[in-house]
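Have a look at the structure below, then the notes.
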Amino acid sequence: MSLLKLIGLGLSSKFITKKAIEELSSSDIIYLDSYTSLSCDINEELISSLTGNNVRVLSANRPLLENNFEIILKYLDEGKNIAIATIGDPMIATTHISLITEAKSRGHEFLIVPGVSVHCYMISKSMLSSYRFGKSVTIVYPFGDKIDMTPYYVLKENQERKLHTIFYLDIRDGKPMSAKEAVSLLLKMEETEKMKVISRDDVIIVGQRLGCQDEEVVAMKLSDVVNYQFKPQPHIIVYPSKSLHFMESEGLKCLMKR
Ligand SMILES: C[S@@+](CC[C@H](N)C(=O)[O-])C[C@H]1O[C@@H](n2cnc3c(N)ncnc32)[C@H](O)[C@@H]1O
């Protein structure tokens, strides 16, 4: 019986916990999940330097972790302990459940080491009440000229329930979507559906490079997004409910761009 570990690294190197390093160091092979999220300073070299030379550190892309994880199961069957290391938290807004259930059905054990997730980090920095967040959703790059409208409907439902919405932004072929691209897609969705879910006067909060030295969290009207000088990606957006508690409105004012 071997151990499959799902290890959260947090958003950047300063958020890597002692527990994460301990579990990484006692693994035989570490796969660094290189597609579900990204960090300003966590990479294979850093993981190798934290864990020593006895542990192999490999990069794991989507096909390997989602469809082609036979090789990982084979290593487990051979008695090796395997760590899947993920930026943020390994189980939030990403899923490695099929790998866990498959490993478990073969008689292996699993361990989850939570990490500081962009989800919690952004809620904390948004000044909004954590009790009032609805379903989160990813804004994905269009396929040709086809736009996935799911974010529009999730936002609509959350707005109807007076809840805030977190928008993750797609990463395709290693390119993370910017807040500007995301807002332009949201406005196109409104143009198409015309259900008055989104207005240029609505205020959003944009988290940029969270956990990095140069992170920024700023609130602005949708109409101001086009002219704002954002920092390089990764970006994340919170779309607050239109009915805010008094204290949330006061908090939001503290984040408004000057
Ligand atoms: C699908 S989520 C994965 C979340 C990860 N499992 C976690 O717990 O942090 C990845 C998306 O979150 C956002 N994101 C991740 N890290 C970020 C950061 N440091 N700053 C801003 N946004 C970030 C980006 O929109 C990115 O495409």
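Note that ligands are numbered from 1 as they come in the structure, with each ligand's atoms numbered from 1 the same way.
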Sub-4.5 Å side-chain heavy-atom contact between Val137 and Phe167
yes
From Leu128 CG over to Met122 CE, what is the distance, rounded to the nearest 0.5 angstrom?
8.5 Å
With rounding to the nearest 0.5 angstrom, report the CG to CG distance, Leu73 to Leu4.
8.5 Å
Min heavy-atom dist [X] to ligand 1 below 4.0 Å:
X	answer
Thr138	no
His119	no
Pro176	no

Nearest protein heavy atom to [atom], by residue and atom, and its distance?
atom	answer
atom 3 (C) of ligand 1	Thr36 O, 3.5 Å
atom 20 (N) of ligand 1	Leu210 N, 2.9 Å
atom 1 (C) of ligand 1	Ala93 O, 3.2 Å
atom 14 (N) of ligand 1	Val118 CG2, 3.6 Å
atom 16 (N) of ligand 1	Ser37 OG, 3.6 Å
atom 21 (C) of ligand 1	Pro234 O, 3.3 Å

Pull out every atom of ligand 1 sitting under 4.0 Å from any heavy atom of [X], numbered as shown with elements.
X	answer
Ile87	5 (C), 6 (N), 7 (C)
Thr94	6 (N)
Gly207	21 (C)
Ile171	27 (O)

Backbone, side chain, both or neither: what part of [X] comes under 4.0 angstrom of ligand 1, heavy atoms only?
X	value
Ile236	both
Met177	neither
His235	backbone

Using a 3.5 Å cut-off on N or O atoms only, is Thr86 in polar contact with ligand 1?
no
Would you say the side-chain atoms of Asp33 pair up with the backbone N or O of Ala85, donor to acceptor, closer than 3.5 Å?
no
Between Glu190 (side chain only) and Met195 (backbone N and O only), is there a donor and an acceptor less than 3.5 Å apart?
yes
Taking side chain to side chain donor-acceptor pair (under 3.5 Å) as the test, write out the residues that go with Ser223, two or more places apart.
none
If the condition is side chain to side chain donor-acceptor pair (under 3.5 Å), which residues does Asp148 pass it with, not counting sequence neighbours?
Thr150
Specify whether Phe15 and Tyr121 have parallel, tilted or perpendicular ring planes, treating 30° as the upper limit for parallel and 60° as the lower limit for perpendicular.
perpendicular
In short, Lys196 meets Tyr152 closest at the heavy-atom pair N-OH, 3.8 Å
From the options Ile92, Leu169, Val116, select the one whose nearest heavy atom is closest to atom 5 (C) of ligand 1.
Ile92
Is the count of non-hydrogen atoms from other residues, nucleotides or ligands lying under 6.0 Å from Asp214 atom CG greater than 12?
yes
Residue pair Glu193 / Tyr153, side-chain donor-acceptor N/O under 3.5 Å:
yes
